[in-house]
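Read the structure below first, then the notes.
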Amino acid sequence: MTAVLSPSGPPGPPAGAPPDPVRPARPRWPLSARYVLSRLLNAVLAVWAVLTIVFFAMHLTGNPASLLLPIDASEEEITRLTAALGFADPLPEQYLRFLGQVLTGEFPDSIRYGGDPVALVLERLPATLLLGTWGMIIGASLGLAAGAVAVFGRNRRLRRVPVSVLTALEAVPSFFLGIVLIAVFGIVLSVLPLRGAGTPAHLVLPALVIGLALAAPVARVFRTSLQEGTGAEHVRLAEAKGIGRARVVLRHIVVNALAPVLNVLGVQAGVVLGGAVVTEAVFGWPGVGQLATSAIDSRDFPVVLACVALIAIGFVLVNLLVDLAAAILDPRGGRR
Amino acid sequence: MTLSRPLPAGPGTAPGPGPGPDPDAGPPLVSVRGLRIATTGGTPLVHGVDLDLVAGATVGIVGESGSGKTLTAMAVAGLLPRGVAVTGGRIAVDGRDVTVRSPAERRALLRDTFGVVFQNPAVSLNPRLTIGRQLREALPDADRRSRARAWRRSLELLEHVGVPRAAQRLRAYPHELSGGLNQRVVIATAIARDPRVLVADEATTALDVSVQQQVLDLLDRLRDELRLGVLLVSHDIGVIADRAGQVVVMQDGAVVERGGTGAVLDRPREGYTRRLLAAVPRLDVPSPAGPPADAPVLLAGRGLVRDFPVAGRRGTRLRAVDHVDITLRAGQALGVVGESGSGKTTLARILVGIDPGHGGTLTAFGGPVTGRVPARRRLLRRVQYVFQDPYAALDPRQTVAESIAEPIELAGTRDQRDRVPGRVAELLDDVQLARDLGGRRPHELSGGQRQRVVIARALALEPDVLIADEPVSALDLSVQAGVLDLLARLRAERDLTYLVISHDLAVVRGLCTDVLVLHDGVEIEQGPTDDVFTAPAAGYTRRLLDAVPGRSRQGSPPELHPAIPRKDNP
Amino acid sequence: GAVTSGTSTGAEEDSSLVIGISRKLTSIDPAQGGSIDGDATLARAIYSGLTYYDPELELRGELAESWTQDDDTHWTFVLRDGVTWSDGSPFTAEQVVWNFQRFLDPESTLGNAAATRAIISGVTAPDEGTVVIETNGPFIDLPDRLAHFFLVNPDFVQAHPDELVALGTGPYVLESVDLENGAVLTRNPGYFGEAPEWERVEYRVLETEAARVQAAQAEEIDVAIQYEPTSLELFAGSDVYDTGNQWSSWNNTLRINENVAPLDDVRVRQALNYAIDKEALIRDVVGADVEPLAGQVLSAPYDRINPDLAAYPYDPERARQLLAEAGHADGVTIELGLSTGSYVAQDPVSQAIARQLGEVGITVEITNQSFPNWVERTRSAEDAPALYYIGYTAGYRAPAERLRIYISGNGQSHYAEPDAVYDDLVTQVTAATTPEQQQELVNRATAHYREQAHAVFLWPQPLTYVVRKDLEWTPRPEHWLVPQEFRSRS
Amino acid sequence: MSALAVTPRRRAGRTGSLVAGVFLGAVVLAVVFAGVLFPGGYDAQDLTRRLAEPTWFGPLPLGTDELGRDMLARVLYGGRPALGISAVAAVLATVLGTAAALGATLGGRPWDGLIGRVADVQLAVPTILIALVVLSFSGSGTIPLIGVLTVGSWVLTFRILRAQLATVVALPYIEAARLAGAQGPTLLRRHVLPAAAPLLVVALTLNFSTALVLESSLGYLGLGIAPPRPDWGQIVASGQAQLAGAWWISLVPGAFLVATVVSIQIVGDRIADLLTLPGSQDGTR
Ligand SMILES: Nc1ncnc2c1ncn2[C@@H]1O[C@H](COP(=O)(O)OP(=O)(O)OP(=O)(O)O)[C@@H](O)[C@H]1O
Ligand SMILES: Nc1ncnc2c1ncn2[C@@H]1O[C@H](COP(=O)(O)OP(=O)(O)OP(=O)(O)O)[C@@H](O)[C@H]1O
Ligand SMILES: [Mg+2]
Ligand SMILES: [Mg+2]
């Protein structure tokens with residue numbers, strides 16, 4: 001960058017120039033509209049691609065007619081139902097029709113439930129959101145705490161323990177972690193329900209499974225960025241300003257270290273959503289993952305597509321939010 | 001002491017050598033006696049430093065890298081990093097020993113006494129917070145609490161340190177400002193609490209000379225206006241010579257020499273000080289003579305242009321090289337100088353064929369150079385390149401011998417390829433490296449050795465033209481001379497033609513027959529080195545020359561400044 | 001867990017029953033069919049039919065008070081008086097007619113439409129309290145057939161298409177439903193019959209074996225069925241639950257894709273039947289109190305069986321001999337296709353069968369597929385596995401319906417050539433005019449089928465269950481789990 | 001923040017990685033030679049010894065299941081699809097991810113954009129969901145499983161490597177090699193790939209472990225290798241109902257799975273460390 005100052009020396013405040021408006025700084029909106037737009041476009045593209053892939057994956061492999069009829073139904077009955085459901089049309093035609101329906105927000109009716117699949121998914125969404133949110137909260141708290149202990153802990157040997165424990169737990173596939181937790185807390189100790197939903201007690205184990213999958217990467221990234229932060233020159237300058245240690249740590253180390261953590265949470269949103277499929281299966285949790293699995297089972301194509309679309313949209317939205325938050329935390333990114 | 005005193009209007013001009021200790025200053029503001037610093041593991045790092053700072057005067061600390069300058073300065077300001085601690089001695093502020101106070105008391109005292117400026121403005125500010133918020137943090141409690149007062153005070157401070165459009169800058173993030181402006185912000189932070197001492201650790205090392213000069217001027221001005229004691233730490237003797245009244249020379253954690261700057265630099269008593277002085281490339285030596293005017297043209301560019309897209313602003317383009325004409329004759333050593341970002345590297349990359357550029361024509365050895373990069377490189381095989389950072393320029397996985405052999409294996413003639421090991425050995429000899437270094441990897445070499453390897457590799461294909469981009473700027477001062485010497489000798493021995501890029505005018509002066517001055521991608525002037533340096537035609541060149549630190553010492557009796565051995569010196 | 005508060009407190013008001021079902025629900029509309037251990041069980045609690053079976057399997061009138069056969073093809077049903085839908089609106093004969101018309105409409109895509117059209121040709125309501133049903137031909141099992149024909153309210157169904165709501169005349173009212181997880185019912189105060197004991201009934205979907213076991217371990221359910229025999233042992237000494245493993249009306253066979261050589265050879269099919277030691281398998285693996293199917297796809301006492309037939313005896317020697325005669329002395333390799341988790345004990349049984357067949361030189365490769373894929377495969381003559389493990393049941397006792405599953409044109413029948421003899425006999429069974437005639441025809445059809453060995457006859461699928469000790473309940477062979485049949489022991 | 005920071009690093013030290021290596025080697029050998037160790041196969045039933053508890057060091061060390069089948073045999077045979085499929089998928093994913101990263105790095109802007117976008121799309125849907133859709137329709141054969149696992153793992157490799165290659169390619173020594181005459185494949189072979197090698201190893205082992213986790217999750221959900229062939233995830237699921245009585249049916253194969261995943265990661269990290277030059281500055285570590 002060429003010097004902003006002219007070589008003739010620092011221009012002081014120009015004599016007689018009107019004084020700068022004496023108005024305190026307000027926070028600036030850190031994201032450019034263009035950036036947000038391009039992210040949105042990306043999101044739409046991603047959702048479209050996902051829907052297309054899933055659409056063809058499903059339609060190339062069968063149709064639900066034979067499942068809707070009694071097991072001893074005859075050939076022509078199946079043919080008739082296939083036609084009635086619109087699965088007899090050429091695939092491209094079905095695809096175009098499907099796209100049209102998606103664009104107008106009117107997914108074809110659920111084959112099994114009959115109604116609007118989007119409404120069905122939205123009905124399940126709160127359960128999944130509840131689980132995901134608590135999973136994220138547990139994961140983020142455990143991860144942040146472990147990361148912080150690893151950097152600020154007093155005992156050099158002990159402070160590494162929490163991150164190590166989380167990293168060890170990370171290697172346990174969620175279905176198995178779920179089973180072990182069920183065995184320990186549900187069967188041996190009998191303190192928590194084994195499966196199902198309804199009470200806060202039901203939430204504990206599945207949320208813990210999701211949280212533990214998240215905690216380790218959060219802890220590691222937080223630890224790394226805290227370590228980078230503690231040595232950073234701007235932190236030393238902040239210390240030189242004479243502000244209290246706590247404030248320096250919080251404002252200049254911890255908050256600065258949160259941006260990468262947010263990015264991880266965004267990337268791991270996929271893990272949470274995917275984990276939800278498995279976790280919901282292990283614990284019989286009545287969420288979107290469960291709906292998706294059972295819709296796949298019964299070839300309820302519209303519901304599968306609606307689930308996949310919503311999960312993809314959810315992932316993309318979470319990442320958009322994460323980007324936004326990260327851009328606020330680190331104004332250098334996000335403006336491009 | 002507040003800023004409410006009237007400020008002198010307009011920019012301050014560079015004062016001459018800093019004033020000596022002010023007789024009226026009375027007792028020293030800060031007095032350090034027998035300061036010892038060690039790691040918490042017990043390794044001693046600084047052994048017994050004495051230092052006195054008085055109001056309104058600058059004390060400089062110089063010394064090689066690792067000599068303990070930073071640790072001393074930070075210990076004084078109470079900002080030692082974790083893992084090191086003061087283990088002995090006394091630091092007194094206004095006669096009160098701070099080392100015996102409780103940590104809280106000490107912090108309060110130090111906080112009100114010292115303002116600190118760090119080396120790299122790019123990382124000294126929190127990238128996450130606006131300038132305004134960071135300045136506000138540094139204000140005394142009374143000002144900080146009220147938003148309006150904090151704002152007014154921050155504005156005053158920024159204006160005081162010469163930041164134009166201060167109100168707007170308060171809302172900016174550090175990455176939106178240039179290095180010079182950021183360093184001014186840091187200085188504003190440092191003086192926000194009306195400190196009595198300013199500690200500046202390599203405060204200008206990361207800046208361009210012209211910006212460096214402005215920032216140093218600012219420090220001088222503040223020192224005088226606010227009667228600050230300034231502790232200026234620099235490895236650059238030129239900076240110390242210009243700015244400090246008193247100097248402390250450090251080596252290996254101890255003070256080897258101290259006294260008035262003039263006295264110490266003019267009549268150094270210690271060999272170490274002399275060596276430090278000797279290693280500084282000088283602006284006042286004669287340049288080598290150029291080839292005759294009818295020497296064949298090896299490389300010529302006409303109207304060279306190169307644009308870069310500007311990140312984040314679609315459509316706008318930055319013209320890094322703007323219609324530059326350049327001619328390189330056999331035997332010439334052409335220096336390209338200019339501030340950072342002036343397009344030097346970009347120009348060199350076009351000339352070596354690794355960047356096709358966006359316009360203009362390039363001819364080499366009489367033929368046109370066109371086409372895509374591989375084709376260009378084939379035409380320009382006899383032009384080779386020496387990189388700035390010798391560490392990054394060598395594949396860490398290859399041994400020295402492999403690195404040197406690579407161009408021969410890939411692009412050598414059959415002859416050359418048949419005797420690779422022999423060639424490598426010869427090349428190692430040429431660059432004065434022991435042959436058994438051939439088996440080592442880059443991380444096992446010193447910086448100077450690495451740069452010699454890079455040069456050897458560039459010579460492997462026996463080029464006619466060597467383009468060297470900042471060949472010594474990544475090296476320690478003490479080894480720079482050796483590499484420059486090697487370059488000069490090779491040129492003489494092998495009739496090499498050079499294009500040397502440097503932001504350091506002294507390097508060009510000693511090595512180049514001709515010089516080209518670039519500014520914002522535009523050629524400012526071109527001519528024989530001596531002419532340009534003694535009688536610059538363009539105002540820009542003149543300002544560039546004026547800004548070089550250590551000018552106050554140039555022209556001193558030559559016997560005290562033995563010239564670096566040059567090409568006449570085998 | 002303590003869901004049977006009714007029994008412990010005696011306060012009938014808040015008594016409730018939790019029933020574990022082993023399948024996801026697929027629909028709440030009885031017209032869509034649905035399996036007896038899933039949707040239909042729920043329907044049985046919400047809706048009523050014209051007839052029903054009592055726990056002793058006696059056919060009784062439900063919405064019909066009585067019925068008479070007017071001639072070979074006409075039946076008159078006299079409706080019960082004063083029945084109302086659970087919303088209070090009256091139940092009428094016209095509504096009954098509409099219920100049949102929906103299936104008779106040639107455009108209908110309802111799951112059971114074809115089966116209904118095959119039997120019934122028209123329904124009329126000569127007056128408020130009578131319905132006349134006309135059948136295509138003689139069909140003496142019509143009253144039985146109607147025991148699994150639930151009547152819905154036409155106005156309600158038309159007003160709420162595609163909604164998960166229900167309006168019936170049964171003992172319970174649907175409060176909420178979640179096809180994946182279950183449903184909640186409450187007592188219908190206006191029910192015409194005897195009021196059931198439970199105020200509130202919760203159906204809980206427990207699709208996997210683990211879910212069923214855990215639900216019982218946590219004592220969250222009062223009753224559930226379809227446990228693997230090995231899991232029942234976990235509750236052997238339980239203070240809370242009784243367990244059972246008994247005969248049911250589902251019949252397990254290995255059906256045969258006769259398009260796969262050498263299964264087109266009847267000797268090979270017979271060899272399969274001889275090579276399997278059904279008694280040993282029942283004893284060691286199934287563990288249920290059942291007898292092998294007597295060489296027919298019917299089992300007593302639910303079905304009227306052919307008393308003269310006996311199961312193929314276990315005779316590996318004979319099997320080897322038959323194989324040799326068919327030219328396969330050096331063995332054959334065939335596939336046995338399973339649908340994952342569909343039938344109790346199918347995995348250990350299949351593996352044991354594979355071993356026994358292996359001993360006579362038939363190498364069996366077991367494959368597992370999800371139910372949808374498996375169904376699709378078994379319907380395709382080209383793709384169907386050589387053998388596939390399957391269990392059929394019916395919600396009513398009509399031999400024609402049981403036998404019809406195996407006629408040549410049917411979806412899962414893959415015979416090398418249509419078996420005209422059998423098909424013709426089944427047509428005659430359907431149109432038999434007297435039980436004696438019907439029995440005689442059934443005997444001939446089953447004898448022919450056994451001779452042809454179109455299937456490998458196994459045994460009635462065991463009905464396994466756990467049920468709270470303090471509940472009185474007669475397990476239903478069809479797998480019905482209807483709340484009105486549970487009583488607390490007090 | 002480098003993609004690698006997100007990934008687990010398992011520094012186990014010398015002894016730790018030795019233990020992990022020995023364990024992994026033993027498991028792989030035992031799984032490969034399961035046929036020799038248990039010539040009776042994985043489903044030799046013996047109803048007289050049903051649900052025998054593990055004796056650990058005696059006969060039937062891991063006990064038996066509800067059909068009296070030797071759990072050790074089942075675990076070892078079950079390792080075949082688990083390890084085999086995951087290993088193949090890991091290699092494919094690494095190759096695919098590397099190729100994509102190279103394409104994006106060297107192919108210029110359009111390729112970079114395209115491949116990056118494909119990766120984004122891929123990330124937007126949880127792999128497990130795609131796997132469910134595909135497998136439930138294609139049936140769970142070896143080939144579809146490998147395909148699904150590959151598709152689910154390549155993005156990580158791509159991202160790690162893309163970032164790494166972008167750093168490496170921008171390094172002056174690559175430019176220097178170009179100036180020395182290296183281009184295309186030569187450049188890749190001599191400078192780019194060696195610089196990426198430690199990361200490739202990490203990516204490979206990471207892919208291996210994620211594929212293994214995914215494979216067993218699918219097995220658990222009933223979409224993996226179908227019975228009667230055993231497979232770790234599937235055995236865990238089959239034993240879940242017996243958790244209270246015969247806990248070993250579920251927990252022992254699961255423990256094998258976890259130990260294997262951890263060992264793979266530790267060994268991978270160790271190899272990467274050995275491949276990383278001390279003091280190398282090219283961003284590998
Ligand atoms: N935090 C630390 N822990 C351990 N050793 C340190 C630490 N900081 C500096 N040192 C060591 O102390 C010595 C003096 O370091 P110092 O930073 O003061 O040198 P310097 O003169 O400022 O050098 P430079 O010109 O390179 O900045 C060096 O050998 C350095 O390695
Ligand atoms: N690859 C690139 N992409 C975008 N902009 C570039 C690129 N390379 C150089 N520039 C811009 O072109 C201008 C000239 O850069 P160049 O590196 O040639 O300057 P220089 O004179 O060598 O500076 P320095 O002394 O800092 O090395 C600068 O503004 C720089 O930011
Ligand atoms: Mg320093
Ligand atoms: Mg440059």
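All figures in this text were calculated on a predicted structure; none of them were measured in a lab. Every chain is numbered from 1, with letters handed out A, B, ... down the list of sequences.
- Under 3.5 Å, the side chains of D:Q265 and D:T205 contain no donor-acceptor pair of N or O atoms.
- Looking at D:L223, neither its backbone nor its side chain comes within 4.5 Å of chain A, counting heavy atoms on both sides.
- Taking 4.5 Å as the limit, some side-chain heavy atom of A:F55 sits within range of a side-chain heavy atom of A:L91.
- With salt bridges taken as basic N to acidic carboxylate O contacts below 4.0 Å, none links A:R223 and A:E228.
- Remark: A:R159 CZ is packed, more than 12 non-hydrogen atoms of other residues, nucleotides or ligands lying under 6.0 Å away.
- For A:I187, the part lying near chain D is the side chain, with the backbone staying farther off; criterion is any non-hydrogen pair under 4.5 Å.
- Here A:V282 is the residue among A:V304, A:V282, A:V47 with the most heavy-atom pairs under 4.5 Å with chain D.
- At a 4.5 Å heavy-atom cutoff, the contact between A:A292 and chain D is made by side-chain atoms alone.
- Looking at D:S209, there are no atoms closer than 4.5 Å to chain A (heavy atoms on both sides), in backbone or side chain.
- No donor-acceptor contact under 3.5 angstrom links the side chains of D:S17 and D:D269, judged on distance only.
- Proximity to chain A involves both the backbone and the side chain of D:L251, based on heavy atoms less than 4.5 angstrom apart.
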